[in-house]
A.B. asks: 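Quick one: the structure is below, questions incoming.
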Amino acid sequence: MDIKFKAENGILTALLSGELDHHSAAEIRGVVDQSIITFQAKYLIFDFQGVNFMDSAGIGVVMGRYNRMKELGGQVFIIHCSEYVDRILEMAGVYTIVKRSNSQQEALQWIQEKKNVQEVEA
Amino acid sequence: MNKMKLEFLSRSENEAFARASSAAFAALLDPTVEELTEIKTAVSEAVSNAVIHAYAGLESGVITLEMTVHDDRRLIISVEDSGCGILDIPQAREPLYTTKQDEERSGMGFTVMESFTDRMEVVSAPGKGTRVTMLKQLDGVNEF
């Protein structure tokens, strides 16, 4: 599985492509966690555009990263899922806690609004 | 009636191989893209379970994938191992139940298998290995 990162203002976007199964999950997990630390990210956006296969191992990866971001007071987003991957994530109830966005823009907007609220509260 | 039987080592890189093989064999029935994806996913879950749980990461275990296709487009898939076996099968089949939370397993493997096939049976006992059998009835082919 191939993974590309983009980081800006504490927002890390991970663009995945290939097959997300138990075998590739092990690799992805470490690389994403390291990048979260390196870029001091509080918000993580998973871009699943290039994911052409996923099984429940992918659920584990997403949930594991969600737990990590929650500890940091952040959030995880998933964008550009295929209908099929969407179905699996929905089945596992992932969307009750991880946010599904229709676009990068929508996710960024949500994050910005959250940041604005935090500034006001501070 | 057609049948295949494939044996491979319990290495995680073989999960992709098992998926591809199952898809190649199922393709003989000219399934829909969705049916093919469901078959690959079910096989992926079953094989992953054998790698992770049955053999607990031991890479020298043998996993057997068997597929039978009947003339009425009924597909029978079975994944068998001679690993540690399951103590409590109903518990293992419960959604979200997992013994490997620290390895970030979601506990959804059996649930996914059940969702994507029509029937699933698990035969297993501690020390006696595990055999998971799934039935999937493929839809009729459109004739032009």
Side-chain angles (χ1 to χ4, degrees), chain A residues 1-3 14 16-36 44 46 48 50-71 76 78 81-98, chain B residues 8-20 22-23 32-57 59 63 79 92-117:
Chain A
M1 165 146 257
D2 197 42
I3 182 163
L16 306 180
S17 57
E19 304 191 330
L20 183 51
D21 65 358
H22 160 242
H23 180 69
S24 56
E27 214 181 286
I28 295 295
R29 182 181 308 147
V31 168
V32 173
D33 284 348
Q34 188 52 60
S35 300
I36 290 170
L44 173 62
F46 271 119
F48 272 25
V51 175
N52 53 39
F53 174 83
M54 191 184 91
D55 64 10
S56 70
I59 299 170
V61 170
V62 171
M63 291 309 297
R65 263 52 297 110
Y66 168 77
N67 287 331
R68 212 160 283 272
M69 299 320 282
K70 195 170 97 165
E71 277 169 28
V76 174
I78 296 180
C81 263
S82 70
E83 205 178 291
Y84 191 75
V85 169
D86 218 34
R87 182 178 162 193
I88 298 187
L89 291 171
E90 180 101 53
M91 194 190 298
V94 172
Y95 290 138
T96 56
I97 44 186
V98 169
Chain B
F8 48 90
L9 295 182
S10 53
R11 297 170 65 109
S12 62
E13 58 255 51
N14 287 338
E15 288 155 15
F17 167 62
R19 286 197 295 272
S22 70
T32 62
V33 171
E34 187 169 333
E35 285 171 333
L36 215 49
T37 312
E38 288 171 351
I39 291 163
K40 281 169 63 179
T41 310
V43 167
S44 195
E45 299 288 1
V47 171
S48 293
N49 277 351
V51 170
I52 298 164
H53 299 285
Y55 294 116
E59 291 187 331
I63 300 172
V79 175
R93 287 176 70 151
E94 265 169 45
L96 304 175
Y97 176 81
T98 183
T99 52
K100 303 266 184 204
Q101 201 159 25
D102 47 323
E103 280 178 42
E104 283 187 4
R105 294 302 296 169
S106 64
M108 292 296 290
F110 277 132
T111 306
V112 170
M113 281 187 255
E114 279 185 79
S115 299
F116 291 165
T117 58

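Since this is a predicted model, take the numbers as computed values, not measurements. Every chain is numbered from 1, with letters handed out A, B, ... down the list of sequences.
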A.B. asks: Would you mind checking which part of B/Val47 comes under 4.5 Å of any heavy atom in chain A, side chain (CB onward), backbone (N, CA, C, O), both or neither?
C.D. replies: neither

A.B. asks: Got a sec: does the NZ of A/Lys70 have more than 12 other heavy atoms crowding it under 6.0 Å?
C.D. replies: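 Not buried by this count: 12 neighbours or fewer within 6.0 Å.
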
A.B. asks: For the backbone of A/Met63 and the side chain of B/Glu104, can you confirm whether one donor and one acceptor N or O come within less than 3.5 Å of each other?
C.D. replies: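 No, the answer is negative, given that no donor and acceptor are paired below the 3.5 Å cut-off.
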
A.B. asks: Hey, could you give me the CD1/OG1 distance between A/Ile88 and B/Thr111, rounded to the nearest 0.5 Å?
C.D. replies: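 The CD1 atom of A/Ile88 sits 12.0 Å away from the OG1 atom of B/Thr111.
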
A.B. asks: Which residues pass the side-chain hydrogen bond (donor to acceptor under 3.5 Å, both in side chains) test with B/Ser48, sequence neighbours left out?
C.D. replies: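 By the side-chain hydrogen bond (donor to acceptor under 3.5 Å, both in side chains) rule, B/Ser48 matches no residue at all.
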
A.B. asks: Between B/Arg11 and A/His23, is there a side-chain heavy-atom distance shorter than 4.5 Å?
C.D. replies: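 With C-beta onward as the side chain, the pair stays apart.
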
A.B. asks: Rounded to the nearest 0.5 Å, what separation is found between the CD atom of B/Glu15 and the OG atom of A/Ser24?
C.D. replies: 8.5 Å

A.B. asks: For B/Ala42, which atoms come within 4.5 Å of any heavy atom of chain A: side chain, backbone, both, or neither?
C.D. replies: neither

A.B. asks: Which residues pass the side-chain hydrogen bond (donor to acceptor under 3.5 Å, both in side chains) test with B/Asn49, not counting sequence neighbours?
C.D. replies: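 Listed in chain order: nothing, the list is empty.
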
A.B. asks: In Å, rounded to the nearest 0.5 Å, how long is the span from OG1 of B/Thr37 to CZ of A/Phe53?
C.D. replies: 8.5 Å

A.B. asks: Would B/Glu34 and A/Glu83 satisfy side chain to side chain contact (heavy atoms under 4.5 Å, CB included), going step by step from the backbone distance to the final call?
C.D. replies: CA-CA 10 Å; B/Glu34 187 169 333; A/Glu83 205 178 291; 5.7 Å; no

A.B. asks: Is a donor on one side and an acceptor on the other found under 3.5 Å between the side chain of B/Glu45 and the backbone of A/Asp55?
C.D. replies: no

A.B. asks: What closest approach, in Å, do A/Glu19 and B/Ala16 show between heavy atoms, and which atom pair accounts for it?
C.D. replies: OE1-CB, 3.9 Å

A.B. asks: Side chain, backbone, both or neither: which part of A/Met91 has a heavy atom under 4.5 Å from chain B?
C.D. replies: both

A.B. asks: Decide, yes or no, whether a salt bridge links A/Asp21 with B/Arg19 under the criterion of side-chain N to carboxylate O below 4.0 Å.
C.D. replies: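 Between B/Arg19 and A/Asp21 there is a salt bridge, with a charged N closer than 4.0 Å to a carboxylate O.
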
